[in-house]
Trainee: 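Once you've had a glance at the structure underneath, I'll fire off some questions.
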2 protein chains.
Amino acid sequence: MARNKDMNQKIKDERREQILSKALMFYAKKGLSATKITDIASALSISQGLIYHYYRSKEEIFTELIGTAFERMNEACRWLESQPMTAKEKIAFAIQELLKLLEKDEDAARYHLLIAQAAASEAIPGEAKAIIEKENTFSYEVIARIITDGQKDGSFKNYDAKELALVFWTSINGLAIYKAVHGEKFKAPDAAILTSMFFQE
Amino acid sequence: MARNKDMNQKIKDERREQILSKALMFYAKKGLSATKITDIASALSISQGLIYHYYRSKEEIFTELIGTAFERMNEACRWLESQPMTAKEKIAFAIQELLKLLEKDEDAARYHLLIAQAAASEAIPGEAKAIIEKENTFSYEVIARIITDGQKDGSFKNYDAKELALVFWTSINGLAIYKAVHGEKFKAPDAAILTSMFFQE
DNA sequence: AATTACATTGAATGAAGTTTCAACCAATTA
DNA sequence: TAATTGGTTGAAACTTCATTCAATGTAATT
């Protein structure tokens, strides 16, 4: 035998991680089709060939990222829903955290942008599209449920809960995309502006 | 001489119009780089060659569309600002019209989406980028001015006017993008949800 | 009917990327 | 130190498109 297994596994895991992270950066910025394999490879100072040692194609990387994005998003939603907070606290907390996330330029923010970008484009792999169609509704449903709860105790406005959930997520997505363009210069707005759409005064 | 000039001019104008309109559709849906010249050509049942009779390149079409998009958008903003309405009426009107626009799937809606898409991507021609950077602030400024007016007469909430304008446009963009994905199924939310971010109760 | 001015076609060209693959290298174990 | 395993390279083969261009079609004018 040669190098021990753990060592190799570690190298492998790290490379995969590097590739995913850089790819995420480019996909979020330029979209799938405008991102070249060489963008990713040269940003990591590795050969293009190596990327194909880890992934079959550009699209496979993309699809894996979309999968992870929804896993994290949905996990966060499940977590939020299960917290011992009032509906009002949950929504206020979610908006605050999401805005905070957008200000930092980290993977978490890019995942969010990736979803927004991917959702906006028809030019994505079929598998990724399927994931989006399957998973995208969950976060909308969670927010709608929380809002419905809040309407029962009178702390939320009485617009249609689904419409409110729609506006919740599309507003966040709109901000994510704005941030993608203006990058550094972006400063998140006061969370209270957004919460005022939902809360009874 | 051959065909009369007017006739030729008419054919030319019509073709240009057709090409622009189809290109707008594809760019809005898939982005610049994922849109092939053959997508446009075959959707119009013309040869690829013919497109090059009218435009130098993919990018030229894109850039012209971006220019037109901002012309229209900015013209609408100028118009809005000059109307004899209160600030509150202006914002309410703008939101209503924008939401109405989104429900119809027409060029006007696609222009809006094009800007959102283009703004979100770094993979666009330098000239188009320049237009975006130059023109994109205007609509934000107009809305910010109207909001500032509304704050003076006490009908608007007192958050930072620039932040409110930011949320105004990013919320609309977020909805535009959502609509792009879900197309038919999209139903615009109650305009009052959005206005409640701005108006004093 | 012949001429002319353009619109239009589609095959050829070339550039830009993606993907494959044979050879190379680095580290561990025997 | 030799053998081995598997990560890594980069040039070559392939694909996919964008773009060009020589040839063709067409309708008005003479």
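The sequence lines fix the lettering, A, B, ..., with proteins before strands; numbering per chain opens at 1.
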Trainee: I want to verify a distance call: between C/dT20, D/dG7, C/dA7, whose nearest atom is closest to the A/Y52 side chain?
Mentor: C/dT20
Trainee: Quick one, which residues of residues 24-43 of chain B touch DNA chain C with a heavy atom under 4.0 Å?
Mentor: none
Trainee: Rounded to whole angstroms, how far apart are OH on A/Y55 and P on C/dT20?
Mentor: 16 Å
Trainee: To the nearest 10°, let me know how far the axis at one end of the helix from C/dA1-D/dT30 to C/dA30-D/dT1 is tilted from the axis at the other, five pairs an end.
Mentor: 10°
Trainee: Grab the CG-P distance between B/L44 and C/dT8 for me, whole Å please.
Mentor: 11 Å
Trainee: Ion pair present between B/K30 and B/D39, side-chain N to carboxylate O less than 4.0 angstrom?
Mentor: yes
Trainee: Nearest of D/dT8, C/dT19, D/dG7 to any side-chain atom of A/S47?
Mentor: D/dT8
Trainee: Below the 4.0 Å mark, does D/dG7 have OP1 or OP2 next to a side-chain nitrogen or oxygen of A/H53?
Mentor: yes
Trainee: Taking atom C1' of D/dA28 as reference, at what distance in whole Å does atom NZ of B/K10 sit?
Mentor: 15 Å
Trainee: Do the side chain of A/T38 and the main chain of A/A41 share a donor and acceptor less than 3.5 angstrom apart?
Mentor: no
Trainee: Check every atom of C/dT28, C/dT8, D/dT19 against the side chain of B/S57 and return the nucleotide holding the closest atom.
Mentor: D/dT19
Trainee: Rounded to whole Å, how long is the line connecting atom NZ of B/K12 with atom P of C/dC6?
Mentor: 8 Å
Trainee: Are any side-chain N or O atoms of B/Q96 and backbone N or O atoms of B/A191, one a donor and one an acceptor, separated by less than 3.5 Å?
Mentor: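 Here the side-chain-to-backbone pair does not exist.
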Trainee: Specify whether B/F199 and B/F156 have parallel, tilted or perpendicular ring planes, treating 30° as the upper limit for parallel and 60° as the lower limit for perpendicular.
Mentor: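 The rings of B/F199 and B/F156 stand perpendicular, inter-plane angle above 60°.
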Trainee: What I want to find out is whether A/E103 reaches A/K179 closely enough, with some N-O distance under 4.0 Å, to be called a salt bridge.
Mentor: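 A/K179 and A/E103: not salt-bridged.
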Trainee: May I have the distance from B/L50 (atom CG) to D/dT26 (atom C1'), rounded to whole angstrom?
Mentor: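 Taking CG of B/L50 and C1' of D/dT26, I get 14 Å after rounding.
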Trainee: Could you tell me how far apart A/M7 (CE) and C/dT28 (P) are, to the nearest whole angstrom?
Mentor: 6 Å
Trainee: What is the separation between atom OH on A/Y54 and atom C1' on C/dT20, rounded to the nearest whole Å?
Mentor: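 So the two atoms are 17 Å apart, to the nearest Å.
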Trainee: Is a donor on one side and an acceptor on the other found under 3.5 Å between the side chain of A/E60 and the backbone of A/R56?
Mentor: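 At least one qualifying donor-acceptor pair exists.
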Trainee: Would you say B/S21's side chain and B/E17's backbone share a donor-acceptor pair under 3.5 angstrom?
Mentor: no
Trainee: Expressed in angstrom and rounded to an integer, what is the separation of B/E60 atom CD from D/dT19 atom P?
Mentor: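 Distance check: B/E60 CD to D/dT19 P gives 10 Å.
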Trainee: A/Q48 side chain: which of D/dG7, D/dT19, D/dG10 is closest?
Mentor: D/dG10
Trainee: Would you mind reporting whether B/I40 and B/Q48 have side-chain heavy atoms less than 4.5 Å apart?
Mentor: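 In short, these two side chains do not touch, never coming nearer than 4.5 Å.
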Trainee: Quick one: which of C/dT19, D/dT8, C/dT9 gets closest to the side chain of A/R15?
Mentor: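 Minimum distance to the A/R15 side chain belongs to D/dT8.
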Trainee: Are B/R110 and B/Y27 in a cation-pi contact, defined as NZ or CZ under 6.0 Å from the six-membered ring centre and within 45° of the axis?
Mentor: no
